[in-house]
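For reference, the structure is listed below as structure tokens.
Note that this is a predicted model, so its numbers are computed, not measured. Counting starts at 1 for both ligands and their atoms, in listed order.
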Amino acid sequence: MSSAATEPRRVTVVEVGPRDGLQNETADLSTADRIEFINRLSAAGAPVIEVGAFVSPQWVPRMRDTEAVWAGIAQRDGVRYTALVPNMAGLERAANAGVREIAIFAASSDTFSRKNINQGIEESLAAYKQVCHCAIAAGMRVRGYLSTAFGCPYEGEVSPATVSTLASRLVEMGVFEVAVSDTIGIAHPGQVPHVIEAVLTKIPLEKTALHFHDTRGMALANVLVALSMGISTFDAAAGGLGGCPYAPGASGNLATDDLIYMLDGLGIETGVSLEKLSEASAFIASKVDHPLRSRVAQAAGSRGL
Ligand code: HMG
Ligand code: MG
């Protein structure tokens, strides 16, 4: 790995557990459980929390109560609360709920794009352009996801050149940051530098975030490589919850617990309390019907933290 010359001293962790983590859960989670989970994440010092998604309830039933969750959470000063928006209908719902920051989600492969949002890449970018324009005109900030950037469950390999071109098109439409996303957890440290290098030829470092799933146990190793290249924003889900309903084989996100443990060890600041985060993870673990994937969360649980 290259020297730590450009390694950031501080990292922004985008907590996606309440959205990416829970969107695929089959457990009987109440609105109150979702609210309590988010309030505990706020108390743990999470700087950015993705609260939910204003997507079609036919497509992702678990996110259907996002308005009620949004209205129920205690928003802490200085914390950015955000939600996914797939189209103008979602933007209207978000605006009515009082959301100030949204995330649109495009893909790097056409088949996944169609499976996930019923639109090919070009059609989706045209629609997102309008969403961005209206959201920004209304004073909202817009984040952009770029799914399947490291590989597609339907099409296989995705070229870094495709990813970088799409990332720049998202920035051109006004997103403040692109979360280059490994939807199915297929990325590895041999591949990550090539994708990041390609992306950085088209968009600035400070607009580049990474979103790893941990299907193959590579997520932390990928973060280490990305840190050495100066990336300073990473998405993660408390306890390692997660998966996309339209990406077969996608398992949990990178666990926030594991990420914070590693960053603490590296002396990189996040503002997140691992102890309080463990409490949030233990809370949600008691509500879902499977064990948490994070070893760090499990270890904290066994110590009674
Ligand atoms: P569609 O069926 O083509 O939509 O779905 P439509 O425009 O034809 O509308 C069909 C019905 O849905 C209509 O209702 C609309 O009003 C309604 P009806 O007339 O039949 O009663 N509708 C909505 N209702 C509520 N909120 C809305 C909305 N939009 C339409 N926003 C659509 C297209 C995009 C809506 C659908 O495909 C969808 O919601 N997809 C979201 C899928 C999703 O949430 N996937 C998971 C998140 S992405 C992810 O996990 C990856 C990420 O983590 C990064 C990574 O890891 O790669 C971000
Ligand atoms: Mg994801």
Using distance alone, with no hydrogens and no angle criterion, decide if E275 and S273 have a side-chain donor and acceptor under 3.5 Å apart. no
Compile the donor-acceptor pairs under 3.5 Å between side chains in residues 171-178 and protein atoms, sequence neighbours left out, one pair per line.
from	atom 1	to	atom 2	distance (Å)
E177	OE2	R143	NE	2.7
E177	OE2	R143	NH2	2.9

Selection from P57, G185, A89, G21 by shortest heavy-atom distance to atom 24 (N) of ligand 1: P57
Need the ligand 1 atom indices (1-based, order shown) with element for anything under 4.0 Å from a heavy-atom of G90. 31 (N)
What are the two closest non-hydrogen atoms of N253 and G21, and how far apart are they? OD1-N, 4.2 Å
Among S56, A237, A53, closest by heavy atom to atom 22 (N) of ligand 1 is S56
Check the pair S30 / D33 against side-chain hydrogen bond (donor to acceptor under 3.5 Å, both in side chains), numbers first and verdict last. CA-CA 5 Å; S30 67; D33 291 339; 3.2 Å; yes
With atoms numbered from 1 as shown, which atoms in ligand 1 lie under 4.0 angstrom from a non-hydrogen atom of N116? 37 (O), 40 (N), 41 (C), 42 (C), 43 (C), 45 (N), 46 (C), 48 (S)
Check whether any side-chain heavy atom of S42 lies under 4.5 Å from a side-chain heavy atom of I73, and answer yes or no. no
If you take the nearest heavy atom of each of M63, R114, H211, Q58, which one is closest to atom 17 (C) of ligand 1? Q58
So how far is it from T12 OG1 to D235 CG, rounded to the nearest 0.5 Å? 10.5 Å
Taking only non-hydrogen atoms of L84 and a 4.0 Å limit, the atoms of ligand 1 in range are 47 (C)
Quick check for you: to the nearest 0.5 Å, what is the distance between R64 atom CZ and Q58 atom CD? 7.5 Å
Heteroatom distance test (F54, ligand 1): nitrogen or oxygen, under 3.5 angstrom: yes
When you compare ligand 1 with V60, is there at least one nitrogen or oxygen pair between them that comes in under 3.5 angstrom? no
Quick one: which ligand 1 atoms are inside 4.0 Å of a heavy atom on F105? 48 (S)
If you draw a sphere of radius 2.8 Å around the Mg ion (ligand 2), how many protein N/O/S atoms end up strictly inside it? 3
Restricting to side chain to side chain contact (heavy atoms under 4.5 Å, CB included), what partner residues turn up for S159, sequence neighbours left out? A161, T162
So does E279 pair up with R40, basic N to acidic O under 4.0 Å? no
Hey, does the Lys NZ or Arg CZ of K287 hover above the aromatic six-ring of F37, less than 6.0 Å from the centre and inside 45° of the axis? no
Considering the heavy atoms of H213, write down every atom of ligand 1 situated less than 4.0 Å from one of them. 56 (O)
Honestly curious: do L266 and M218 fall in one hydrophobic cluster under the side-chain, below-4.5 Å linking rule? no
Return a yes/no value for T148: is any of its N or O atoms, backbone included, closer than 3.5 angstrom to an N or O of ligand 1? no
Does the side chain of L263 come within less than 4.5 Å of F234's, by heavy atoms? no
Within the structure, does R19 bring an N/O atom to less than 3.5 angstrom of an N/O atom in ligand 1? yes
Mark yes when over 12 heavy atoms from residues, nucleotides or ligands other than E92 sit less than 6.0 Å from its CD; otherwise mark no. no
Give the atom numbers and elements of ligand 1 that come within less than 4.0 Å of a heavy atom of S147. 51 (C), 54 (C), 55 (C), 57 (O)
Can you give the donor-acceptor pairs under 3.5 Å from side chains of residues 181-191 to other protein atoms, not counting sequence neighbours?
from	atom 1	to	atom 2	distance (Å)
S181	OG	A179	O	2.8
D182	OD1	G185	N	3.3
D182	OD1	I186	N	3.0
D182	OD2	I186	N	3.0
D182	OD2	A187	N	2.9
T183	OG1	T148	N	2.7
H188	ND1	G190	N	3.1
H188	ND1	Q191	N	3.3
Q191	NE2	F150	O	2.9

Test item, A149 contacting ligand 1 (heavy atom, 4.0 angstrom): no
A student checking ligand 1 against D20 at a 4.0 Å heavy-atom cut-off should list atoms 50 (O), 53 (O)
Closest to atom 34 (C) of ligand 1 among I117, V16, I104 (heavy-atom distance): I117
